[in-house]
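For reference, the structure is listed below as structure tokens.
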Amino acid sequence: MPELPEVETTRRGVAPHVVGRRVARLAVYDSRLRWPVPSDLGRRLVGRTVAAVDRRSKYLLFRFGSDTLLVHLGMTGSLRVFRHAPARRPHDHVDIVLDDGSVLRYNDPRRFGAMLWVPAPADAHPLLAILGPEPFDAGFDAGYLWRATRTRSAAIKLALMDNRLVVGVGNIYANESLFRAGIRPTLSAHRVSRARLAGLVDAVRTVLTEAIAKGGSTLRDYVDASGEPGYFQLEYFVYGRDGEPCRVCGAPIRMRRLGARASFYCPRCQR
DNA sequence: CTTTGCACCTGTTGGC
DNA sequence: TGCCAACAGGTGCAAA
């Protein structure tokens, strides 16, 4: 999926076109997402006005008064705004038609995404209630990460990708953050020193910030609200670079699997 | 509680 | 060229 930078780029692209607009019509062409799109979603949405578009973790939260439309892009989802919607393409599953005739269109080849209606208080919804801090929250600091990893023997990369610890960091950005922090992905979380965890906090924020500035990463499916790809994949230090020379020291980048996810690291820069 | 592996689904790629 | 297994940005869930 889209990780945090792609979701945030989508949010920033979508929000100006939808905030203040009223929903005129909902068209669900295929309700078979990760969970079925609720059959009464149209009845709930039509006539309501979008007050704001927020993001929590990798969820987009369209606020309608105290109620929320929750959208997740899964692995291959994208959300685009069309002034005038073109003919549907494959995997276009949902259209939200606004009162000015523009259309918010959800496309998702693998259908791992979600579109759910969440009555207030949204934070209490099970999907949101379990989430840890945002990477840019003040609460996500070295002390927090230190305490949170004391009882974790699993690899630091797996801990970093655990949404209860911190949200928004998926496979690409976990790999890139650990490279920048000089930490080997396989190292047990509780064996990483507090000083190095402080470096990891900084690295996560730096990588995510730079990725957002480049419009996120596009490996295949991701496009932003305007249909534009991201460009951060051109700046990867390790992700997808198995066997290629490290951009810092020249040693060949290595790949191994952690929890079924490909993990890339420089054997010389990361210890 | 943590950890592990599977499941969901479609499309692309690489090896034979 | 054709076929098929492996793999892909996420994450809830069951089981150990």
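Every heavy atom of this structure was used, including side-chain atoms; hydrogens, water molecules and symmetry mates were not. Throughout, a chain's letter reflects where its sequence line sits, starting with A, and its residues are numbered from 1.
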Residue-phosphate contact under 4.0 Å: A:His91 side-chain N/O, B:dC9 OP1/OP2: no
Short side-chain N/O contact from A:Thr76 to OP1 or OP2 of B:dT10, under 4.0 Å: no
Phosphate OP1/OP2 of B:dT10: any A:Arg34 side-chain N/O under 4.0 Å: no
Sugar-phosphate only, base, or nothing, as touched by A:Arg261 at under 4.0 Å among non-hydrogen atoms: base
Aromatic ring of A:Tyr222 stacked on base six-ring of C:dG9, 5.5 Å, 30°: no
Atom-pair distance (CG on A:Leu73; P on C:dG9), nearest Å: 16 Å
Interatomic distance where CZ belongs to A:Arg147 and C1' belongs to B:dT2 [whole Å]: 19 Å
Any-strand Watson-Crick or G-U partner of C:dG9, both distances under 3.5 Å: none
Nearest to side-chain heavy atoms of A:Glu3, which nucleotide of C:dG12, C:dA8, C:dG10: C:dG10
OP1 or OP2 of C:dG10 under 4.0 Å from side-chain N/O of A:Tyr59: no
Given C:dG12, C:dG9, B:dT3, the nucleotide with the shortest approach to the side chain of A:Pro2: C:dG9
Between A:Ser217 and A:Tyr173: side-chain donor-acceptor atoms closer than 3.5 Å: yes
Pair A:Ser102-A:Arg83, side-chain donor/acceptor within less than 3.5 Å: no
Protein-nucleotide distance (A:Asp108, atom CG; C:dG10, atom P), rounded to Å: 13 Å
Touch class at under 4.0 angstrom, heavy-atom based, for A:Ser217 against every strand present: base
Verify stack between A:Phe112 ring and B:dC9 base, 5.5 Å, 30 degrees: no
Comparing A:Arg220 and A:Thr151 on DNA chain B - which has the more 5′ nearest nucleotide: A:Thr151
Spacing of the P atoms in B:dA7 and C:dA5 (rounded, Å): 16 Å
Beyond-backbone contact of A:Leu73 with A:Asp108, side-chain heavy atoms, under 4.5 angstrom: no
Shared hydrophobic cluster, A:Met161 / A:Leu208 (ILVMFWY, side-chain heavy atoms < 4.5 Å): no
Spacing of A:Leu219 atom CG relative to C:dC7 atom P, expressed in whole Å: 17 Å
Watson-Crick or G-U wobble mate for C:dC3, both contacts under 3.5 Å: B:dG15
Heavy-atom side-chain proximity of A:Cys266 to A:Val248 below 4.5 angstrom: no
For atom CG of A:Asn163 and atom P of C:dG12, their distance in whole Å: 6 Å
Touch class at under 4.0 angstrom, heavy-atom based, for A:Leu258 against every strand present: nothing
Separation of C:dG10 P from A:Met115 CE (nearest whole Å): 19 Å
Pairwise P distance for C:dC3 and B:dC9, with rounding to whole Å: 25 Å
Gap between atoms CZ and P, on A:Arg110 and C:dA8 respectively (whole Å): 10 Å
Sugar-phosphate only, base, or nothing, as touched by A:Phe232 at under 4.0 Å among non-hydrogen atoms: nothing
Polar side-chain contact A:Arg111-B:dT10 base: donor and acceptor under 3.5 Å: no
Gap in Å between the two P atoms, one belonging to C:dG9 and one to B:dG14, rounded: 15 Å
For atom CE of A:Met161 and atom P of C:dG9, their distance in whole Å: 8 Å
Check: A:Leu219 and A:Tyr239 side chains under 4.5 Å, non-hydrogen atoms: yes
